[in-house]
Amino acid sequence: MKTAHDLVAQAKSSIQEISIQDASQAIETADVLIDLREADEYAAGHLAGAINIPRGLLEFKMTGEPHLADRNLHIVVYCKTSGRAALSAVALHQMGYVHVQSIAGGYDAWAEAKMPVVQPHIPDFE
């Protein structure tokens, strides 16, 4: 019986995973950057320009939103550590999307590398 980790490892062997060093360029040239984390994770901090589509809604949103329907879109996906992104990249390929890249290490690796993130503004009440 396969575990979630087995499925992620299998997915990673069949997708294009990009390093943090290459991610900025890929994001710059992408048509869409998708944060696959849950809404509360996204609200706590995300990559600039990312749209939030939680993993559980991905297939529905991609086919339900006209601006995401073009199978030739250049798509970059990420999640917290890259597991959900790997599974999502496989699903997108199965749906016919041709240009999908996943950020290795996800949001955590991006933030750890001191790359820019959008943080919520917390008002100063002093």
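What you see is a predicted model, and the numbers here were worked out from it, not measured in a lab.
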Smallest separation among heavy atoms of [X] and [Y], with atom names:
X	Y	answer
Ser24	Met115	OG-CE, 3.2 Å
Ala85	Val77	O-CG2, 3.8 Å
Ile18	Ala23	CD1-CA, 3.8 Å
Gln16	Val100	CB-O, 4.0 Å
Ile20	Gly106	CD1-O, 4.2 Å

Distance in Å, His93 NE2 paired with Ser88 OG, rounded so as to fall on 0.5 Å steps: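 Between His93 NE2 and Ser88 OG, I get 11.0 Å after rounding to 0.5 Å.
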
Side-chain contact test, heavy atoms from C-beta onward, threshold under 4.5 Å: evaluate it for [X] versus [Y] and give yes or no.
X	Y	answer
Ser82	Lys12	yes
Thr29	His74	no
Tyr78	Ile27	no
Asn72	Asp31	no

Verdict with reasoning, Ile51 to Asp35, per side chain to side chain contact (heavy atoms under 4.5 Å, CB included): CA-CA 6 Å; Ile51 61 170; Asp35 184 321; over 6 Å; no

Check residues 43-50 and write down every donor-acceptor pair under 3.5 Å in which the side-chain atom is one partner and the other belongs to a residue at least two apart or another chain.
residue : atom : partner : partner atom : Å
His46   : ND1  : Tyr42   : O            : 3.0
His46   : NE2  : Tyr42   : OH           : 3.4

Passing candidate, salt bridge (Lys or Arg N to Asp or Glu O under 4.0 Å) with Glu41, options Lys80, Arg84, Arg55: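 Of all the options given, the one that passes is Arg84.
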
Derivation of the side chain to side chain contact (heavy atoms under 4.5 Å, CB included) call for Lys61 and Ile34: CA-CA 11 Å; Lys61 289 282 190 180; Ile34 302 173; over 6 Å; no

Short side-chain to backbone donor-acceptor contact, Trp110 and Pro116, under 3.5 Å: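 Flag set: sc Trp110 to bb Pro116 pair under 3.5 Å.
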
Ile75/Leu68 under side chain to side chain contact (heavy atoms under 4.5 Å, CB included): CA gap, chis, key distance, verdict: CA-CA 10 Å; Ile75 301 170; Leu68 298 174; over 6 Å; no

